[in-house]
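For reference, the structure discussed in these notes is given below.
Proteins come first, then strands; the chains are lettered A, B, ... in the order of their sequence lines, and each starts at number 1. Heavy-atom basis, side chains included; hydrogens, waters and symmetry copies ignored. The shown structure was predicted, so the numbers you read here are calculated from the model rather than taken from an experiment.
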Amino acid sequence: MNYQLNWSILWSGQTGGWLLNGLLTTLEISSLAWLLALTLGNVAGALRTAPIPPFRWLASAYVEFFRNVPLLVWMFFWYFGMPPLLPQALQDWLLDHGAEFWAGVCALGVYHGARFSEVIRSGIQSIPKTQFEAAHSTGLTVWQTYRLIIVPIALRLIIPPATNETLNLIKNSSVALTIGVAELTFQTRQIETYTAKAFEALAAGTVVYLVLCLAISTLMAVVERRVAIPGMIAQGNASEF
Amino acid sequence: MIEFRKVNKWFGSLHVLEDIDLTIEAGKVVVVCGPSGSGKSTLIRCINRLETIQSGDIIVDGSSLSDAKLDTVKLRTEVGMVFQSFNLYPHMTVLRNITLAPVKVKHVSPAEAEKIAAVLLERVGIPDKSQAYPANLSGGQQQRVAIARALAMKPKIMLFDEPTSALDPEMINEVLEVMTDLARDGMTMVVVTHEMGFARRVAHRIVFMDQGRIVEANEPEKFFAAPESARAQQFLSKILSH
Amino acid sequence: MIEFRKVNKWFGSLHVLEDIDLTIEAGKVVVVCGPSGSGKSTLIRCINRLETIQSGDIIVDGSSLSDAKLDTVKLRTEVGMVFQSFNLYPHMTVLRNITLAPVKVKHVSPAEAEKIAAVLLERVGIPDKSQAYPANLSGGQQQRVAIARALAMKPKIMLFDEPTSALDPEMINEVLEVMTDLARDGMTMVVVTHEMGFARRVAHRIVFMDQGRIVEANEPEKFFAAPESARAQQFLSKILSH
Amino acid sequence: MDFQVIFNNFRFLILQGFFGFGTFAGGTLRLALPAIVLGFILGTFIGLARLARSRWIHWPARIYVEFFRGVPLVMVIFWFWFIIPALTGKSLPEYAVALTAFVIFEAAYLAEIVRAGIQSVPRGQIEAATATGLSRAQLMRHVVLPQALRNMIPALVTQFIVLLKDTSLASIIGYVDLTKAAQIVNNREIRPFELYLFIALIYWLCSYSMSRYTRRWENRLSPSPS
Amino acid sequence: ETTLEKIDKSGTLIIGTRTGSPPFAYVNKNNEWVGFSIDLVEKAILPVLNKKLNKQIKLEKKESAPQTRIPLLQSNAVDLIAETMTDTQSRRDNVDFSLTFFVTGAQFLVKKGGAIKGIQTIAGKRIAAQQGSTNAKIIRERVPSAKLLEFPDQPAAFQALAQGQVQAYTNDGIQLAGLKAKAPKPDDWAGVGEFFSYEPYGIAMRKNDSDFRQAVNVGLMDALASNLYFEIYDKWFGPKGEVPYPLLPETKRFLQMQVVPK
Ligand SMILES: Nc1ncnc2c1ncn2[C@@H]1O[C@H](COP(=O)(O)OP(=O)(O)OP(=O)(O)O)[C@@H](O)[C@H]1O
Ligand SMILES: Nc1ncnc2c1ncn2[C@@H]1O[C@H](COP(=O)(O)OP(=O)(O)OP(=O)(O)O)[C@@H](O)[C@H]1O
Ligand SMILES: [Mg+2]
Ligand SMILES: [Mg+2]
């Protein structure tokens with residue numbers, strides 16, 4: 001390949017700043033969407049195991065509906081389909097305060113919330129049913145049982161699959177560029193536009209994503225060890241047999 | 001104290017409890033035994049409404065469980081329960097396992113609850129384990145914590161569902177001893193167990209179940225000396241012979 | 001037939017087997033008992049090399065397990081094993097559970113293997129279950145299939161690791177009966193169990209372990225009448241009293 | 001809304017975009033199906049390697065998984081598009097590149113599913129098989145993998161549903177899948193709402209019917225009503 | 001190996017082009033991959049190659065996206081890029097360009113009667129642009145106070161305009177004309193403003209391959225000198241074309257002045 005690699009374009013001029021901005025936007029949109037997804041996922045996941053049928057149906061409908069339609073479509077829905085339903089004043093406010101960003105947060109959060117709920121549901125279902133009964137038999141209500149016993153245990157059990165989902169969420173945040181959010185992938189394309197150095201720009205993007213994701217999975221591994229229930233969840237590498 | 005009146009229960013098409021009539025007076029210990037699947041667990045789980053019944057009625061401490069206005073939480077604070085699989089909360093220390101319900105349900109102050117817990121741990125013989133986590137205790141110790149946890153709500157009735165059958169043989173006794181003490185102190189107890197030695201020593205009455213029915217209910221001496229029903233005879237011969 | 005010579009084994013820093021010396025002659029039944037964690041399972045798992053030892057030697061049917069050239073597969077076809085948790089293959093019928101190893105390991109023809117399986121199912125008392133799946137059998141039936149599965153390899157030695165402790169009390173006997181028959185037929189057996197009735201009736205020798213050591217090895221009459229060591233006395237009093 | 005656009009382009013969207021019959025390299029199913037099958041085969045090896053005792057085997061497998069988990073798929077496709085010609089001196093057709101990239105990327109995710117599936121098989125199964133003299137390969141094939149597979153089905157289906165949607169990322173190299181087909185039509189006729197609603201419906205029908213169907217399949221595979 | 005040798009050996013000319021840039025390169029209603037840029041290559045450049053190499057050269061098309069088009073060239077995956085690529089100095093650092101084959105400039109599409117009349121009136125306004133386009137770059141430099149939103153494709157940007165998320169959409173004049181022509185109600189929209197940028201479209205090729213570039217340029221010059229170019233122009237941009245867009249006299253003169261004597 002007769003291509004002159006020129007890595008210096010990544011730090012000369014504005015490109016470094018762009019990458020940084022892109023990274024910050026990716027972090028912002030991902031973390032807000034993550035909080036939303038975790039909240040929705042927890043509620044829907046818990047409801048799907050609840051003993052009250054209408055709650056289960058509602059939560060199942062949410063999950064089946066949102067996780068089976070491509071994220072791209074949800075981006076368009078939240079950006080183009082949603083605002084006309086809002087009061088005019090709110091629409092105007094949003095337009096001046098990054099409507100595309102908030103639409104991206106909603107799309108990512110609601111979509112991944114549906115996927116998180118599956119993770120949480122399987123976490124809850126892996127807790128023996130007798131654990132619920134023990135709590136009920138001391139007079140704890142359903143809500144207290146979930147809040148004090150089931151969810152705290154499930155959260156610890158699901159750290160590995162939840163880490164996976166978190167990484168997926170971060171990587172999926174690049175779909176927000178279709179509605180104009182200037183996140184990391186957007187910025188690497190921007191660099192390409194300005195410098196015509198496609199390989200360098202994409203390499204930079206790839207490395208930043210990789211570092212970000214590895215940092216998160218390392219962090220989650222530490223968290224997993226920290227909150228491990230003493231003597232219960234296998235500590236360290238229990239993978240061998 | 002507890003009264004079953006023509007209680008019937010189905011799981012789908014399976015008739016698990018059939019016309020159960022049974023009265024358990026305050027301060028008495030009743031042992032329930034019978035082959036696997038005969039409905040023993042279901043019977044005692046009806047008492048604190050872990051299972052609901054489809055016909056008949058159960059009266060616990062004067063209130064009818066079929067009463068729509070019955071406060072389930074109050075019922076459950078009055079009826080403690082201990083399971084075969086301990087079911088301690090693995091992410092909490094022994095102390096928190098015991099104090100959780102008194103604090104959250106009865107709104108006892110944490111300090112007060114901890115005082116009660118200390119007394120109970122003393123009583124079940126493991127005063128020094130309050131800061132341990134369940135996974136670091138032996139099975140016998142875990143089951144004793146589970147008993148303390150149930151007692152912390154100051155129940156009037158205690159239900160035991162095969163409390164020793166998940167235990168190593170050496171540990172069975174330490175749990176049975178705690179239960180024997182409790183019985184001596186006058187607690188009303190319903191115990192599903194196959195420990196016939198315990199039944200003989202402690203029970204006031206033995207209820208033998210088969211296929212959802214109470215086949216025989218008798219005093220221990222009579223039951224062991226000469227069970228009336230053929231099914232109970234056969235059952236006893238099997239579990240006592242080995 | 002089986003000989004332990006100064007066997008030592010560690011799990012990390014935990015010394016689970018300490019200077020074990022033990023000889024088991026062909027056709028004899030040895031029962032191993034002792035408190036939980038004393039190393040009983042580890043001891044018998046060393047015999048078919050499910051665990052490897054760090055020092056000493058074990059001789060099985062004339063071959064030394066520390067011999068690098070030893071054919072592990074051949075060893076394992078000569079030593080059958082039955083586990084506490086049955087461990088039947090849930091995705092195969094009873095028949096396939098039994099014929100898998102003969103066909104795959106000994107290259108017996110499937111038709112031949114099925115004939116052997118039918119005989120064995122007859123022998124363990126469930127000739128009609130060959131097409132059932134494990135989940136549809138009771139615990140006692142599952143354990144009997146597990147015994148048939150081990151016997152299908154025509155082993156010279158059978159190891160049992162608490163074969164009845166996951167069973168409902170009513171089913172314990174049916175498994176013990178199969179084991180008793182096997183012993184009568186002259187099989188060499190090493191059995192970890194707490195069923196002292198069985199030990200008394202069937203065992204030629206009882207080995208009591210504690211903390212990785214063999215504390216006492218004696219004939220059943222002597223062992224039960226007057227155990228020599230204080231630890232064994234205490235243990236027996238605990239498990240026999242309830 | 002005017003759904004005329006869907007009727008006019010139905011053949012292009014469905015035949016070309018979804019199934020892959022047409023003049024363009026493309027097709028959602030034509031990429032997703034072989035990708036999941038081949039990815040699963042590769043993933044099984046990597047998943048088994050992650051469980052191996054030797055660090056020389058499990059560490060490379062682990063690095064492979066961590067690496068591909070951390071990189072966006074679109075970047076992987078991009079790199080394959082240009083690295084394969086650079087290494088082999090020949091440029092491959094779009095389909096081959098897309099398939100290679102997907103198989104290699106998906107294998108990382110599928111390896112984790114395989115690993116979890118295997119670890120969900122009780123240890124006792126392995127001991128029982130070992131004790132009857134089965135070799136490691138035999139016990140994997142006859143005892144562990146069949147049981148693991150059943151445990152993996154829900155995760156595999158979820159992954160396949162994700163993959164079905166992710167084929168659109170291959171449009172960066174000109175692969176025409178359902179989403180890209182809709183975009184091509186959209187660029188020409190400017191009917192975003194109708195088109196996106198239509199593809200959402202198609203994806204939803206696929207995913208939903210599949211997850212319904214597997215629930216029955218799962219029950220069939222498990223011999224017992226557990 | 002020069003590009004001509006490569007084409008000679010394989011018998012094919014591989015071009016990178018677009019599926020979604022009507023009328024330059026797109027997929028039409030019959031699912032054929034066509035367009036003005038593709039016609040130029042097929043009708044003007046291919047005959048030159050045929051003559052030069054003395055055989056029938058086949059044409060093969062690959063999709064190029066803004067992020068992939070330069071790598072496509074440089075990895076030899078394609079031999080030229082014929083779509084709507086603006087010839088710029090920084091791009092010339094990496095690729096060579098042919099003569100300019102189309103000239104346009106950036107304008108704004110607005111709702112008819114909207115407040116925006118050109119680049120002087122966009123301060124503080126929300127403006128949509130196409131991602132990776134040179135227009136976005138210019139606006140960012142010239143009117144930093146304008147709020148710029150960049151969309152990856154035309155329909156999304158247009159949707160934003162139609163729903164009032166932005167007050168104007170900027171792109172090359174010709175693209176806006178095409179968009180307006182296909183919009184559900186073309187009369188609701190107006191392209192406004194002077195060209196605020198200069199967008200000469202060229203065919204991109206690998207650097208330092210002057211023989212091949214010469215062949216491409218000869219093809220374009222021949223087409224401009226004969227009437228071929230204008231026939232093709234008329235097919236796509238004439239009154240009955242896909243996007244009616246009359247050729248300005250000065251543009252025509254500029255294009256013709258690129259033709260050097262034989
Ligand atoms: N939640 C349930 N749904 C359906 N059937 C059930 C349920 N719980 C129990 N059963 C069935 O009801 C019958 C009685 O069950 P129960 O647990 O009361 O028996 P048990 O006498 O306690 O037996 P064991 O000694 O095995 O504990 C059994 O056939 C059991 O399979
Ligand atoms: N794979 C292992 N890794 C580390 N430690 C182990 C392992 N297997 C057993 N141990 C430890 O070795 C000791 C002896 O275990 P073993 O299973 O032989 O005891 P046991 O006498 O069979 O007890 P039980 O009656 O509970 O089955 C125990 O302390 C146990 O925790
Ligand atoms: Mg029960
Ligand atoms: Mg053991």
Less than 4.5 Å to any heavy atom of chain E: does that hold for the side chain of D:Glu94, its backbone, both, or neither? side chain
Between D:Tyr175, D:Trp81, D:Phe102, D:Phe82, which is the residue that forms a side chain to side chain contact (heavy atoms under 4.5 Å, CB included) with D:Val97? D:Trp81
Identify which part of E:Leu72 has an atom lying under 4.5 Å from any heavy atom of chain D, answering side chain, backbone, both or neither. both
Which bit of D:Arg191 comes within less than 4.5 Å of chain E, counting heavy atoms only: side chain, backbone, both or neither? side chain
Side chain, backbone, both or neither: which part of E:Gln154 has a non-hydrogen atom closer than 4.5 Å to chain D? both
Is a side-chain donor or acceptor of E:Lys58 paired with a backbone partner of E:Gly11 at a separation under 3.5 angstrom? no
Which class fits the ring pair E:Phe101 and E:Phe36: parallel under 30°, tilted 30 to 60°, perpendicular over 60°? tilted
When you look at CZ of D:Phe3, are more than 12 heavy atoms from neighbouring residues, nucleotides or ligands closer to it than 6.0 Å? yes
